[in-house]
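All heavy atoms count here, side chains included; hydrogens, waters and symmetry mates do not.
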Protein chains: 2
Amino acid sequence: MLSIGELSRKTGVKVPTIRYYEQMKLVTAPERSEGNQRRYSNVELERLTFIKHARDLGLKIDAIRELLDLSAHPEQPCEDANRIAEDHLVATRERIAQLQRLEAELMRITTGCQGDSIKDCYVIQSLSDHALCQDGH
Amino acid sequence: MLSIGELSRKTGVKVPTIRYYEQMKLVTAPERSEGNQRRYSNVELERLTFIKHARDLGLKIDAIRELLDLSAHPEQPCEDANRIAEDHLVATRERIAQLQRLEAELMRITTGCQGDSIKDCYVIQSLSDHALCQDGH
DNA sequence: ATAATCTCTCTAGTGACTATAGCTTCAAGA
DNA sequence: TCTTGAAGCTATAGTCACTAGAGAGATTAT
C-alpha cells in the first residue's frame, strides 16, 4: 500500500493534483488508514500512470475519462479509442501549424527592428499598425 | 465616437472582452454617453488594435501591458520591446518543438493499433504501459 | 410610439490545476 | 516512551483570459 506521497513520486503526478483527480472522479477514492490517510494499491498506480501519460500527450481530462471507460470494457471494439487519439493528433497538428505562423510573424517583427528608440521600434510599430495585421497571420 | 459594439467590430475584440480589458486596466475607462454607455475615440481604437495584434501573437496580458508602457515613452531605447518579442519567439519555438514530439508519439500510437477490440488496442496499451512512457517523450 | 437591438452591471463558470491556512497523523531517532 | 519534523488532511481561494447569463436601462429605426 502506497501513501499519496509515494504514489506521487512513482507517477510524477503532484500530490494536490492526485487529490484533485479524485475530486474530479478520474481516480476513485482509495482506502484510508486508521488515521484517515489515503492508501493506494497497484490498481490505482496503474490508472494514474495511464492518466499521467495521457496528460503528457496533451489529452484533456474528458478525453482521458472516455479512454478509461473504454479500457474498462476489453471486449468492445477499439475504434473509439483510436478516434480519440486521432482527433487529438489532428488538433495537435493544427496547433503546430498555427504556432509556426506566429513564429514567422515574430521573426519578421524581431529581426526587422533597426531603430534604437521606441519611436522607431519595429516591434512596437508592427503591433500598432493595423495594415500589418490585416494580411493573414 | 464609437460605441463598444462598433469598437468590437473594428478590432475583432468581443464586447465582453473589451470590458474585461478595462477592468484589467489594459485600456483606460472611456467617456460615457448621457445614458452611461461607453464612447470610444481613435486613441482607444488604436490601443485596442495593438492589444488584439499582440494577443493574436500569443503574448500574455502582462507582456502587452509592458509593451504599452514602453510605447508611451518614445524616447526610451527599444531593447526592452525587442527582448519581450524575442523571449516570446523563443517560448513559441520551444512549444512547437514540444508539440512535434507529442505529434510523433501520437502517430506512433495511432498507426500502431492493429487489434480490433480494446484488449488488444495499441492506444490503450501505450497509455497503460509504464515502460513505453519512460523513454523520453 | 414602439419594437428591435445594444448596452449596462454583476455574478458565476471554464480547465486544470496551485497555493494557503490550520489542523492531524506518521515514522524515526534519543 | 517521547519528541520532532515531515507528510497528510480538509476547505477555501487564486490563477489566466476570458465567456455566459440575468435582469435592467439606453439607443436607433421605423
Side-chain angles (χ1 to χ4, degrees), chain A residues 1-40 44 47-48 50-68 84 87-88 91-92 95 98-99 102, chain B residues 1-27 29-40 44 47-48 50-68 84 88 91-92 95 98-99 102:
Chain A
M1 286 308 214
L2 304 166
S3 73
I4 196 167
E6 288 162 341
L7 184 65
S8 169
R9 249 164 278 132
K10 290 210 180 206
T11 56
V13 179
K14 287 182 191 160
V15 169
T17 305
I18 297 173
R19 289 197 278 248
Y20 167 75
Y21 285 165
E22 183 180 322
Q23 228 185 317
M24 296 297 103
K25 308 206 177 215
L26 215 50
V27 298
T28 49
E31 290 175 45
R32 298 288 180 127
S33 72
E34 301 249 314
N36 198 34
Q37 300 193 353
R38 290 170 178 81
R39 290 294 174 262
Y40 296 93
E44 280 113 349
R47 195 176 170 97
L48 191 57
F50 184 105
I51 294 166
K52 174 67 159 68
H53 201 167
R55 280 298 297 141
D56 284 350
L57 288 171
L59 287 157
K60 300 207 168 169
I61 299 284
D62 277 353
I64 297 172
R65 212 192 304 272
E66 242 185 290
L67 287 171
L68 285 166
I84 291 170
D87 284 357
H88 186 58
T92 302
R95 183 80 182 116
Q98 191 205 359
L99 284 175
L102 299 183
Chain B
M1 287 307 211
L2 304 167
S3 72
I4 197 167
E6 288 162 342
L7 183 64
S8 170
R9 248 163 280 130
K10 291 210 182 207
T11 56
V13 179
K14 288 182 192 161
V15 169
T17 305
I18 297 173
R19 289 196 278 249
Y20 167 76
Y21 285 165
E22 183 181 323
Q23 227 184 319
M24 297 296 102
K25 308 206 176 214
L26 258 194
V27 299
E31 291 176 46
R32 298 286 180 130
S33 71
E34 301 248 315
N36 198 37
Q37 298 193 352
R38 290 170 180 82
R39 290 293 175 265
Y40 296 93
E44 281 114 348
R47 194 174 171 97
L48 192 56
F50 184 103
I51 294 167
K52 174 67 159 70
H53 201 167
R55 279 298 296 142
D56 284 349
L57 288 171
L59 287 158
K60 300 209 168 170
I61 298 285
D62 276 353
I64 297 172
R65 211 190 307 270
E66 241 185 292
L67 287 171
L68 285 165
I84 291 169
H88 186 58
T92 301
R95 183 83 183 113
Q98 191 205 0
L99 284 175
L102 299 183

Using a 4.5 Å cut-off on heavy atoms from C-beta on, say whether the side chain of A:Ser33 contacts that of A:Met1. no

B:Leu26 versus B:Tyr20: any side-chain heavy-atom pair under 4.5 Å? no

Between B:Tyr40 and the options B:Val27, B:Leu48, B:Leu2, the side-chain contact (heavy atoms from CB on, under 4.5 Å) test singles out B:Leu2

DNA chain D: 5'-most and 3'-most nucleotides touching chain B, 4.0 angstrom heavy-atom criterion: D:dA17 to D:dT27

Closer than 3.5 angstrom, by distance alone: can the side chain of [X] be matched with the main-chain N or O of [Y] as a donor-acceptor pair?
{"X": "B:Arg55", "Y": "B:Ile64", "value": "no"}
{"X": "B:Arg47", "Y": "B:Leu68", "value": "no"}
{"X": "B:Thr11", "Y": "B:Leu7", "value": "yes"}
{"X": "A:His88", "Y": "A:Lys60", "value": "no"}

What is the nucleic acid contact for B:Arg19, judged by heavy atoms within less than 4.0 Å: base, sugar-phosphate only, or nothing? base

B:Arg32 near the nucleic acid: base, sugar-phosphate alone, or nothing, with a heavy-atom cut-off under 4.0 Å? sugar-phosphate

Whichever of A:Lys14 and A:Ser33 has the more 5' nearest nucleotide on DNA chain C, that residue is A:Lys14

Per nearest nucleotide of DNA chain D, the residue lying toward the 5' end, B:Gln37 or B:Asp62, is B:Asp62

Reading DNA chain C from 5' to 3', where do the contacts with chain A start and stop? Cut-off is 4.0 Å to heavy atoms. C:dA16 to C:dC26

Using a strict cut-off of less than 4.0 Å between a Lys/Arg side-chain nitrogen and an Asp/Glu carboxylate oxygen, indicate whether A:Glu31 and A:Arg38 qualify as a salt bridge. no

